[in-house]
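Shown next, in structure tokens, is the structure this report addresses.
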Protein chains: 2
Amino acid sequence: MAASPSHRVSTGERLNTAETTGKLQQSVAKRGIRMTRQRRVILQVMDDAEQHLDVDQILERAQKIDSGVHLVTVYRTIDLLKKQGLIDELDLLHLRGDRHYYETHGPRDHIHVACLRCGKVREFESRLYEQLKEQIARDFHMKVTVSRTEVGGYCEECLRKTKE
Amino acid sequence: MAASPSHRVSTGERLNTAETTGKLQQSVAKRGIRMTRQRRVILQVMDDAEQHLDVDQILERAQKIDSGVHLVTVYRTIDLLKKQGLIDELDLLHLRGDRHYYETHGPRDHIHVACLRCGKVREFESRLYEQLKEQIARDFHMKVTVSRTEVGGYCEECLRKTKE
DNA sequence: ATAATTGCAAAGCTTTTGCAGACGC
DNA sequence: GCGTCTGCAAAAGCTTTGCAATTAT
């Protein structure tokens, strides 16, 4: 019962669903933020991403849609989205240097589970995780607004290979 | 003109409660890693640290003990310790830019809980957290070796101030 | 119209690397 | 004595910033 329905495996770089109904685009519009050609493209890329992307991946995908998107604009837009709390910034245990990854803020938090050997990253959701956050809020009398959990180890496949 | 002879600070600098019995120092010695003057100092700093430190803090403390410790050596020693799995690297939700923090790998994992307003960081341990990791190991058939959880929000005090 | 946004180039940071000389074992 | 470490300086990322031109509303 590994990767059950709610576990999105993310290894490749496929782009599939491309709706103009992106949630990010809606949220940004709703906040009365000026919409430019470049922003629209970057938001679409983030909306369509099935997994976390780093800055270069965002740029690459954006330029496939509109080659006139500059790296600097990607940085500035990411900044905007971070400040608006619409995306999360990850570093995935510094598995590959200090690269940062970004993903849209979903309805539920998920944990990133990475294999330290093959680099595959999977996502995991659990009621336990929600309980953990509740426990922290209760114990510290805090209002918890963000959380990030990254777990590393060796996946089944890599464990097998190591034994051989 | 490299490695100057002896830059040791001899005057009555702050007394450090440092024993030569630091756990890091022991672990490093046990692995047969060459012990240099600089490494000894850096390990002592890490051993004595009551919480996570960034590179500049490590350098600063190291130089109080021995002014002949170079920033580059701090980086190289941190690298060594990371590769040996003796310290953890944190980024604390990028609360203060992309600074990285380091701390010795304790016997039990703890969660870092940060206030996004005042920046205070507290640590939290929970059986729930151990259970969560077990669940991940079970579901994915993985061997989990590292994990990091960072939680952000508003502490009791800051919540009160915000209301006023 | 006019204030925000963009592209470009250049600056800023933090971290890494090449080397010659010093040091631990 | 041999091989590893260190300091220094310089290089190498990655991210930010100043500014004139452009664009959204």
Side-chain angles (χ1 to χ4, degrees), chain A residues 25 28-45 52-60 62-63 65-84 87 89-102, chain B residues 1-9 20 25 28-45 52-60 62-63 65-84 87 89-102:
Chain A
Q25 293 187 60
V28 167
K30 202 180 300 173
R31 292 172 196 219
I33 291 167
R34 181 176 294 194
M35 186 56 63
T36 64
R37 201 184 83 235
Q38 293 88 335
R39 280 189 185 164
R40 203 185 325 275
V41 172
I42 295 169
L43 294 183
Q44 190 187 116
V45 167
H52 45 269
L53 303 175
D54 69 22
V55 174
D56 293 322
Q57 293 173 314
I58 296 172
L59 179 66
E60 198 185 317
Q63 291 188 332
I65 302 173
D66 179 339
S67 60
V69 175
H70 195 101
L71 176 62
V72 171
T73 303
V74 172
Y75 275 113
R76 289 198 265 229
T77 304
I78 286 172
D79 243 43
L80 175 75
L81 296 173
K82 272 200 295 187
K83 281 183 185 137
Q84 293 289 328
I87 58 171
E89 184 175 27
L90 318 169
D91 9 65
L92 298 180
L93 294 166
H94 308 102
L95 251 181
R96 313 205 199 286
D98 294 332
R99 212 184 254 60
H100 289 171
Y101 299 88
Y102 303 91
Chain B
M1 276 184 252
S4 28
S6 179
H7 279 311
R8 265 172 262 230
V9 172
T20 27
Q25 293 187 59
V28 167
K30 200 180 300 173
R31 294 172 195 220
I33 292 168
R34 180 175 294 190
M35 186 56 64
T36 64
R37 199 183 88 235
Q38 293 88 334
R39 280 186 184 166
R40 203 184 326 274
V41 173
I42 295 168
L43 295 182
Q44 191 188 112
V45 167
H52 47 269
L53 302 174
D54 69 22
V55 173
D56 293 321
Q57 292 173 313
I58 296 172
L59 179 67
E60 197 185 318
Q63 291 188 332
I65 302 172
D66 180 339
S67 62
V69 175
H70 195 102
L71 176 61
V72 170
T73 303
V74 173
Y75 275 114
R76 288 197 267 231
T77 304
I78 285 173
D79 243 43
L80 175 75
L81 296 173
K82 273 199 294 185
K83 280 184 185 137
Q84 293 289 327
I87 58 171
E89 183 175 27
L90 318 170
D91 12 65
L92 299 180
L93 295 167
H94 308 100
L95 252 180
R96 313 202 198 289
D98 293 332
R99 211 185 255 62
H100 288 172
Y101 299 87
Y102 303 90

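Since the structure is predicted, the reported quantities are computational estimates derived from the model, not experimental observations. Chain letters run A, B, ... following the sequence lines, proteins first and then strands; every chain starts at 1.
Put simply, OH on B/Tyr102 and NZ on B/Lys82 are 5.0 Å apart, with the number rounded to the nearest 0.5 Å. Rounded to the nearest 0.5 angstrom, B/Leu71 CG and B/Arg76 CZ are separated by 10.0 Å. If you take CG on A/Leu90 and NE2 on B/His94, they are separated by 8.5 Å, rounding to the nearest 0.5 Å. Here CD1 of A/Ile87 is found 9.5 Å from CG of A/Leu43. Values are rounded to the nearest 0.5 Å.
Atom CG in A/Leu80 sits about 16 Å away from atom P in D/dA24, given to the nearest Å. Atom CZ in B/Arg31 sits about 19 Å away from atom P in D/dT4, given to the nearest Å. The separation between B/Lys83 atom NZ and D/dC5 atom P is 11 Å, rounded to whole Å. For the pair B/Ile78 CD1 and C/dT15 P, the interatomic distance rounds to 8 Å; values are reported in whole Å. Residue A/Ile42 contributes atom CD1, which lies 13 Å from atom C1' of C/dG7 at whole-angstrom precision. A/Leu71 places its CG atom 14 Å from the P atom of D/dG13, with the value rounded to the nearest Å. Rounded to an integer number of Å, the gap from B/Met35 CE to C/dC25 C1' is 13 Å. The interatomic distance linking B/Ile33 (CD1) with D/dC5 (P) rounds to 8 Å, in whole Å.
Contact of B/Arg34 with D/dT4 (side chain to base): a donor-acceptor pair of N or O atoms is detected under 3.5 Å.
Listed nucleotides C/dG7, C/dT15, C/dC25 differ in distance to A/His70; the shortest reach to its side chain belongs to C/dG7. Closest contact between the side chain of A/Asp79 and the listed nucleotides D/dC14, D/dT16, D/dT25 involves D/dT16. For A/Arg76, counting side-chain heavy atoms from C-beta on, the closest listed nucleotide (D/dT15, C/dG7, D/dT25) is C/dG7. Between C/dA9, D/dT15, D/dA9, one nucleotide has an atom nearer to the side chain of B/Val72 than all others, and that is D/dA9.
Residue A/Gly68 is classed as a sugar-phosphate contact, given heavy-atom separations below 4.0 Å to backbone atoms only.
Under the 3.5 Å distance criterion, the side-chain polar atoms of B/Gln63 are matched with a main-chain donor or acceptor of B/Val69.
Closest-nucleotide positions on DNA chain D for A/Tyr75 and B/Thr77 were compared, and the one nearer the 5' end corresponds to B/Thr77. Annotation: of the two residues near DNA chain C, B/Thr36 and B/Lys82, the 5′-most nearest-nucleotide partner is B/Lys82.
Between C/dC23 and B/Gln38, no contact under 4.0 Å exists linking OP1 or OP2 to a side-chain N or O. Phosphate proximity of D/dC5 to B/Arg39: present, with a side-chain N or O under 4.0 Å from OP1 or OP2. In this model, the phosphate group of C/dT5 is not approached by any side-chain N or O of A/Thr73 to a distance below 4.0 Å at OP1 or OP2.
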